[in-house]
Amino acid sequence: MVSLSAPEQSATHSVTNQPPPLAPYDACDDPALLEGLRREGAEWAEEGIRRLGLLAGSAEAQEWADQANRHEPVLRTHDRYGNRVDEVDFHPSWHHLMRTAVAEGLAGTPWAEDRVGAHVARTAGGLVWGHTDAGHGCPTSMTYAAIPALRREPELAKVYEPLLTGREYEPELRVPTEKRGLLAGMGMTEKQGGSDVRTNTTTATPTAESGVYTLRGHKWFTSAPMCDVFLVLAQAPGGLSCFLVPRVLPDGSRNTFRIQRLKDKLGNRSNASSEPEFDATVAWLVGPEGHGVKTIIEMVNCTRLDCVMMSATLMRRTLVEAGHHARHRSAFGARLIDQPLMRNVLADLALESEAATTLTLRLAGAADRAVRGDSGEQAFRRIATAVGKYWVTKRGPAFTAEALECLGGNGYVEDSGMPRHYREAPLLSIWEGSGNVNALDVLRALRREPDTAQALFGELAQAQGADARLDGAVARLKDQLATASEAGARRLVEHMALTLQASLLVRHAPPAVADAFCATRLGGDWGHAFGTLPDAADVDAVLGRALPGVN
């Protein structure tokens, strides 16, 4: 029998030509993000955003994200004695992620900060902290979005807003007013209607106490069921109305919130999405009866912005991973990053990523100024957020698939993390209205609110004369608006989005980025897949900006 030494036994298992782990890295190392942060009025937050970017890219935070997705939430309908509890148990890593997000002001905090750029700073924080896990962004997003809707009922806002805007994370279910911080969810969709919320069948019956109702019904998609309070749509005597539903009532008893099951989702696995049943569930009216959609629409506007933000974050996160792999992996005698076709692919992805990030921060700036009463920005926000929600989220799945492919077979295995990002991407296009819903919403805004078109073209006019391809795209857009139809809504909104992104890049990005974007997205010098930039594109300049150190 031949005895082999340890080195000989492991000789066939030597690992070569594999990249080192990406973490630790700086999730804030993105010029487009930092420039947008300053440009949109939140330069005061840069130090904190940079610190959060280092934390997001740390090995510890990346491990939290991995563990929160590998150990998915578990529903407990009853305790050991048979009492109904309807609680969801999370892995400790989920709580680490949530505690950090809330402490960093990524939930309701901006509504309590009376300084310019507070909403921009929150969005920028989401763009870097989202490099960890997307799932826990759901409860923080809904908490952020609940505030403007809750303000329709000042007495309720007086009680709950200070807790929803705080920086304390307390996951246990207790009387809301006895906690130092709260989270909010929402329950709108039902199985028979989905986005058509006016078909809701949940009923609201008034009680003897003014403003207090009892609900009965079954919601189809209610994420983050361990939140403290929920904004819920139900049919009151006066029509579809909005209600505040606490999980725990003021006397300490559990409100009826029977979780029938958790959804078995494609992605977003760290976050629990549920089907709750209401039965004599106590609720407080928010806004007038019959004004449910009008009351909750402001919440939808906020969460749509977060859909754009998270799609941009996934783009940036997967681009960084792809660039890191290409720097350290060799094939056919050269590093991947040195091979012209791979450089073309990465540069094309970098253009898409910068356009998404720049638009996200512009939308956040509009939101910040709209809150302060700027009517022009209110109109721009109204239409541009729906446009961005349609297009940026629609680009996410194709982008993450291409970034995954840059890693080859290595990207197709779970350990790389890329499959998780890929599964996450389609959610952002579906949540808060699928593509058709958002495209039709744009048409509705154009027809009913003429100031939205004026605001959009006012924005585009700021780049007039800077690029002939952009000027031509604006002229074509005006022609399209004159003949807009429902059947052509997607085509129209796509053109609006590309024109808007191009105008922002022409004004704010380096010439190489703006020129390549306009040549491809507007000028037609492009293929149908990423990696088809024309030879004239300054690939080196684009990559040098997006992925420092790749050259």
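As a basis for the values below, the full set of heavy atoms in this structure was taken, side chains included, without hydrogen atoms, waters or symmetry mates.
- The pair Arg382-Asp441 meets the salt-bridge criterion, with a side-chain N (NZ, NE, NH1 or NH2) lying under 4.0 Å from an Asp/Glu carboxylate O.
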Subject >> His528 and Thr532: CA distance, side-chain angles, deciding distance, side chain to side chain contact (heavy atoms under 4.5 Å, CB included) verdict >> reply: CA-CA 8 Å; His528 294 284; Thr532 54; over 6 Å; no
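- Put simply, the side chain of Asp29 does not reach to within 4.5 Å of the side chain of Val320, judged on heavy atoms.
- At distances below 3.5 Å, at least one donor-acceptor pair connects side-chain atoms of Gln378 with backbone N or O atoms of Ala370.
- Below 30°, between 30° and 60°, or above 60°: for His91 and His71 the angle between ring planes is below 30°, a parallel geometry.
- Proximity of a side-chain donor or acceptor of Ser274 to a complementary backbone N or O of Thr222 within less than 3.5 Å is detected.
- Note on residues 471-481: no pairs pass salt bridge (charged side-chain N to carboxylate O under 4.0 Å, His left out), not counting sequence neighbours.
- To the nearest 0.5 angstrom, Ser223 atom OG is 9.5 Å from Phe230 atom CZ.
- Put simply, the residue from Leu363, Leu359, Val442 that forms a side chain to side chain contact (heavy atoms under 4.5 Å, CB included) with Thr385 is Leu363.
- When all heavy atoms of Ser270 and Asp133 are compared, the closest pair comes out as OG-OD1, 2.9 Å.
- Judged by distance alone, the side chain of Thr140 and the main-chain N or O of Gly137 form a donor-acceptor pair under 3.5 Å.
- Of the charged side-chain nitrogens involved, none lies within less than 4.0 Å of a carboxylate oxygen, so that Glu432 and Arg304 do not count as a salt-bridged pair.
- In this structure, CD in Glu405 is found 10.5 Å from OH in Tyr422, a value given to the nearest 0.5 Å.
- Each of His324, His325, Arg317 was evaluated against Glu321; a single residue qualifies, Arg317, per the side-chain hydrogen bond (donor to acceptor under 3.5 Å, both in side chains) test.
- Classification of Lys263 and Glu275 as a salt-bridged pair holds, one side-chain N sitting under 4.0 Å from a carboxylate O.
- Of all heavy-atom pairs spanning Cys28 and Ile49, the tightest one is SG-CG2, 3.6 Å.
- Between the side chain of Asp66 and the backbone N or O of Gln62 there is no donor-acceptor pair closer than 3.5 Å.
- A donor-acceptor pair is defined here as one N or O able to donate and one able to accept, closer than 3.5 Å; such a pair exists between the side chain of Thr123 and the backbone of His119.
- Other residues, nucleotides and ligands contribute only 12 or fewer heavy atoms inside 6.0 Å of the CD atom of Glu486.
- The cationic group of Lys389 does not satisfy the cation-pi geometry with Trp431, failing either the under 6.0 Å distance to the six-membered ring centre or the 45° limit from the ring axis.
- Of all heavy-atom pairs spanning Ala512 and Val542, the tightest one is O-CG2, 4.1 Å.
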**OP:** Test Phe380 against Arg369 for side chain to side chain contact (heavy atoms under 4.5 Å, CB included), laying out the working first.
**Re:** CA-CA 11 Å; Phe380 175 77; Arg369 291 182 281 276; over 6 Å; no
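- When atom types are taken as modelled, the side chain of Glu377 and the backbone of Asp368 share no donor-acceptor pair closer than 3.5 angstrom.
- Interatomic distance, His136 NE2 to Asn69 CG, rounded to the nearest 0.5 Å: 10.5 Å.
- Around CZ of Arg447, the count of heavy atoms belonging to other residues, nucleotides or ligands within 6.0 Å exceeds 12.
- If you take CE on Met310 and SG on Cys138, they are separated by 11.5 Å, rounding to the nearest 0.5 Å.
- Salt bridge status for Arg70 with Asp415: present, with a side-chain N to carboxylate O gap under 4.0 Å.
- In terms of modelled atom types and a separation under 3.5 Å, the side chain of Gln339 and the main chain of Ala334 share a donor-acceptor contact.
- Here the CE atom belonging to Met342 is positioned 4.5 Å from the SG atom belonging to Cys406, to the nearest 0.5 angstrom.
- Side-chain contact between His131 and Thr313 is present, with at least one heavy-atom pair separated by less than 4.5 Å.
- Annotation for Val120 and Glu40: closest pair CG2-O, 3.6 Å, computed over non-hydrogen atoms.
- In this structure the side chain of Thr393 never reaches within 4.5 angstrom of the side chain of Asn438, judged on heavy atoms.
- Expressed to the nearest 0.5 Å, how far CZ of Phe517 lies from CG of Leu470 amounts to 10.0 Å.
- Residue pairs satisfying the side chain to side chain donor-acceptor pair (under 3.5 Å) criterion with at least one member in residues 346-361, sequence neighbours excluded, are listed as follows: Asp348-Arg521, Asp348-Trp526, Glu352-Arg395, Glu352-Arg521, Glu354-Arg545.
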Subject >> Pair Trp129-Leu97, side chain to side chain contact (heavy atoms under 4.5 Å, CB included): steps then yes or no >> reply: CA-CA 9 Å; Trp129 186 243; Leu97 292 165; 3.8 Å; yes
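- Taking all atoms of both residues into account, the shortest heavy-atom contact from Leu37 to Ala124 is CD1-CB, 3.6 Å.
- By the 4.5 Å heavy-atom criterion applied to side chains, Met142 and Asp306 are not counted as neighbours.
- Classification of Arg269 and Asp264 as a salt-bridged pair holds, one side-chain N sitting under 4.0 Å from a carboxylate O.
- With hydrogens and angles ignored, the 3.5 Å screen pairs a side-chain donor or acceptor of Arg343 with a backbone N or O of Ile337.
- A heavy-atom distance below 4.5 Å is not found between the side chains of Leu456 and Val387.
- No side-chain heavy atom of Gln18 sits under 4.5 Å from any side-chain heavy atom of His328.
- Asp89 places no side-chain N or O within donor-acceptor distance of the main-chain N or O of Val74, the cut-off being under 3.5 Å.
- Although no hydrogens or angles enter the test, the distance criterion places a donor-acceptor pair under 3.5 Å between the side chain of Lys265 and the main chain of Asn268.
- For the pair Asp26 and Arg50, the salt-bridge criterion is not met [side-chain N within less than 4.0 Å of a carboxylate O].
- Within a 6.0 Å sphere centred on CZ of Phe90, heavy atoms belonging to other residues, nucleotides or ligands number more than 12.
- Between Leu127 and Leu361 there is a side-chain heavy-atom pair separated by less than 4.5 Å.
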Subject >> Chi angles and distances behind the side chain to side chain contact (heavy atoms under 4.5 Å, CB included) call for Val88, Trp94 >> reply: CA-CA 12 Å; Val88 179; Trp94 166 270; over 6 Å; no
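- For Val392 against Ala356, the heavy-atom pair with the smallest separation is CG1-CB, 3.9 Å.
- For residues 502-520, the salt bridge (charged side-chain N to carboxylate O under 4.0 Å, His left out) pairs, not counting sequence neighbours, are Glu459-Arg507, Arg469-Asp515.
- Taking the side chain as every heavy atom from C-beta outward, Glu190 and Thr199 never approach each other to under 4.5 Å.
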